[in-house]
Amino acid sequence: MTTLASGTDTLTRDALTVLQPGFTGTTAPDWLLRRLGEGLASVGLFGRNIASPGQLAALTAQLRAERDDVLVAIDEEGGDVTRLEVRNGSSFPGNHALGAVDDVELTRQVAHELGRRLAACGVNLNWAPSADVNSDPRNPVIGVRSFGADTALAARHTAAYVTGLQSAGVAACTKHFPGHGDTAVDSHHALPRIDVTAEVLAERELAPFRAAIAAGTRAVMSAHILVPALDPERPATLSRRILTGLLRDELGYDGLIVTDGMEMRAIAGTYGIERGSVLAIAAGADAICVGGGLADDATVLRLRDALVSAVRTGELPEERLAEAAARVRALARWAGTAGHPAEDTHGTEIGLHAARRALTVTAAPGLGDPASFKPLTEPPYVAALTPVANIAVGDETPWGVAAELIHLLPGTVTGSFSAGDGPESEAGENAGRAALQAAGPRRIVAVVRDEHRHPWMASALDTLLAARPDTVVVEMGVPQAAPRGALHIATHGAARVCGRAAAEVIAGITGV
């Protein structure tokens, strides 16, 4: 077992134990290794920390050389939110695609294979799956990260995902409790508010979390959302009524409760990360996630000292902090004994198989069966109508169909078009005209992401289709807008394998 540095008192060790910080770089900095020796028990990884599976395995080995029972956490949902494959796009479709297929065994297999790859790299805690019911189609941060808008569907696939991930020896962290789906505000930027009754919450938002608890999820992540029906004053992450009264007492959950990133503006901009961290632990959280934006030793020391000070002044009961630290150590013990399954050759192509099954292909009105569509034989022009990426997804990960079409139809050309400044309708028309000019005589493939949330995108498609009705439209977000184009392909997500599956349809590749 790890020998902790002498001179670190129990209170300080417990304060460090409940932190899940991040860092910069692809090797562990000296300050992080030093804090592991003093009691830090968890480390969070992000895309900036990962260059390759081999490098990641070396990094986690470096961490375990300092503390053999360290929890190494990652935000790897698959689909649009990937850290393992941040530079190329995920080999696995995300939740919305799996929900579109609605095969719980497929979801379990995908989660198992994703977990197997994480475990092989030394990662043992995944901040996934998202159990949010995407009931508000305007949702700017959940969307395709949700299994869907149907409660029962979200519940059964959340349970399957938890089971599959944990069967690979990686702890699942079901999020974002009590449900982030019914909001049009991104908690990275502000504090969302969900104004529904407790009865609606119980029947809709909580059902997937009940399913996850029944499936044995080892961790649950709280949401930075205000739910007045449950607590009119404090957001869920800071609410004892929600974390202890609801999640612990009513739902009977006894595993680890992790906060969402404390530097998100919903908390940092209202309470501050030090005060927020103290309130979160007092409310019933066991681990403080920080490091997506603040990733340095100073942040760890600020939070450690805030927790220690709160105990010493009587604001935070020492036994509550000790209980939280004990839950972190308990999860670390589980992770250390869960074991890692051997190489699973059955699962190596499961992601692409799932992406192909998730496609919804619709012919334009009047064309009848999509089978009447004649695949492209000449390289097209791919016009990507690109929205601003939300922080959870990030803008590092490529998306679309161009990269895959280039392999299938060499000579394919692509361009990216955005709203820019000015009125959205005008911006859309400008983007559409620019795409037409760039395409020249080539057949156009227009790629969109959540057309229904972006009026400029719809306007750009109007302009494209008016001039070129043979345009193929690929929707890689939530397919809420009515299908249109000579062929409309809904991928239910923007993972690399989703782009591959769509490209195969466009190029008429079959029998794969």
Side-chain angles (χ1 to χ4, degrees), residues 8-22 35 38-44 71 73 127 173 175-178 187-188 190-191 219-227 230-249 255-329 331:
T8 308
D9 62 89
T10 299
L11 178 56
T12 301
R13 284 200 302 271
D14 285 350
L16 283 169
T17 296
V18 302
L19 302 180
Q20 293 190 345
R35 300 305 167 207
E38 294 171 355
L40 186 70
S42 307
V43 175
L71 282 172
W127 293 318
C173 182
K175 60 189 183 184
H176 306 81
F177 188 83
S187 51
H188 290 90
L191 179 62
V220 169
M221 178 177 282
S222 66
H224 302 331
I225 56 175
L226 188 67
V227 189
L230 301 178
D231 188 332
E233 297 178 357
R234 296 263 174 93
T237 293
L238 313 183
S239 170
R240 185 167 181 81
R241 295 187 194 180
I242 293 174
L243 298 189
T244 299
L246 176 58
L247 183 52
R248 293 275 188 228
D249 298 341
L256 190 79
I257 299 177
V258 184
T259 72
D260 207 345
M262 295 301 284
E263 66 268 51
M264 293 164 63
R265 296 305 299 167
I267 298 297
T270 52
Y271 294 85
I273 64 167
E274 294 99 327
R275 172 79 176 151
S277 296
V278 170
L279 292 174
I281 297 294
D286 305 303
I288 301 296
C289 176
V290 66
L294 299 172
D296 52 36
D297 193 28
T299 299
V300 172
L301 296 180
R302 283 165 59 195
L303 298 184
R304 180 201 67 183
D305 293 348
L307 292 167
V308 169
S309 177
V311 169
R312 288 178 174 160
T313 60
E315 182 182 7
L316 175 64
E318 186 170 4
E319 57 271 22
R320 171 74 274 273
L321 180 62
E323 177 189 49
R327 280 206 181 90
V328 174
R329 297 178 190 122
L331 182 57

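Reckoned from all heavy atoms, side chains included, excluding hydrogens, waters and symmetry mates.
Counting only distance, with no hydrogens or angles, the side chain of Thr259 and the backbone of Cys289 share a donor-acceptor pair below 3.5 Å. Not a single donor-acceptor pair under 3.5 Å links the side chain of Ser309 to the backbone N or O of Asp305. Side-chain atoms of Glu263 come within 3.5 Å of backbone atoms of Gly293 as a donor-acceptor pair (strictly under, hydrogens ignored). Without hydrogens or angle criteria, Lys175 side chain to Trp127 main chain gives a donor-acceptor distance under 3.5 Å. Thr17 places no side-chain N or O within 3.5 Å of a backbone atom of Leu40 that could act as its donor or acceptor partner. Panel note: side chain Thr299, backbone Ala295; no donor-acceptor pair is recorded below 3.5 Å. The backbone N or O of Gly261 lies less than 3.5 Å from a partner atom in the side chain of His224, making a donor-acceptor pair.
Put simply, the side chain of Asp286 reaches to within 4.5 Å of the side chain of Arg320, judged on heavy atoms. In this structure, Gln20 and Ile288 have side chains that are not in contact, with every pair of non-hydrogen atoms separated by 4.5 Å or more. Put simply, the side chain of Ile225 reaches to within 4.5 Å of the side chain of Pro178, judged on heavy atoms.
For the atom pair Ile242 CD1 and Thr237 OG1, the distance stands at 8.5 Å (nearest 0.5 Å). The CD1 atom of Ile273 sits 14.0 Å away from atom CZ of Arg275, with the distance rounded to the nearest 0.5 Å. Rounded to the nearest 0.5 Å, atoms CG (Leu238) and CD1 (Ile267) are 4.0 Å apart. Note that CZ of Arg234 and CG of Leu243 are 11.5 Å apart. Values are rounded to the nearest 0.5 Å. Taking CG of Leu247 as the reference point, atom CZ of Phe177 lies at 4.5 Å (rounded to 0.5 Å). Interatomic distance, CZ of Arg13 versus CZ of Arg304, reported as 13.0 Å (0.5 Å rounding).
The minimum heavy-atom distance linking Ala15 with Leu321 is given by the pair N-CD2, 4.1 Å. Here the closest heavy-atom approach between residue Thr313 and residue Ala310 is recorded as OG1-O, 3.3 Å. Pairing each heavy atom of Leu316 with each of Val278, the nearest pair is CD1-O, 4.3 Å. In terms of heavy atoms, Ala324 sits closest to Ala285 at CB-O, 3.9 Å. Counting all heavy atoms, side chain and backbone alike, Leu191 lies closest to Pro235 at CD1-CB, 3.8 Å. Between Ala325 and Val18, the closest heavy-atom pair is N-CG1, 3.7 Å.
Residues that satisfy the side chain to side chain donor-acceptor pair (under 3.5 Å) test with Arg241, not counting sequence neighbours, are absent from this structure. With sequence neighbours excluded, the residues forming a salt bridge (charged side-chain N to carboxylate O under 4.0 Å, His left out) with Asp297 are Arg34, Arg35, listed by chain and number.
For the side-chain contact (heavy atoms from CB on, under 4.5 Å) criterion with Leu307, the lone passing option out of Leu16, Leu11, Ile281 is Ile281. Test Val220, Leu256, Val258 against Cys173 for side-chain contact (heavy atoms from CB on, under 4.5 Å) and you get one pass: Val258.
Ion pairing of Arg329 with Asp14 is present here, as a side-chain N (NZ or NE/NH1/NH2) and a carboxylate O approach within less than 4.0 Å.
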(request) Start with the C-alpha distance between Arg248 and Ile257, add both sets of side-chain angles, then the distance that settles side-chain contact (heavy atoms from CB on, under 4.5 Å), and finish with yes or no. (result) CA-CA 10 Å; Arg248 293 275 188 228; Ile257 299 177; 3.4 Å; yes
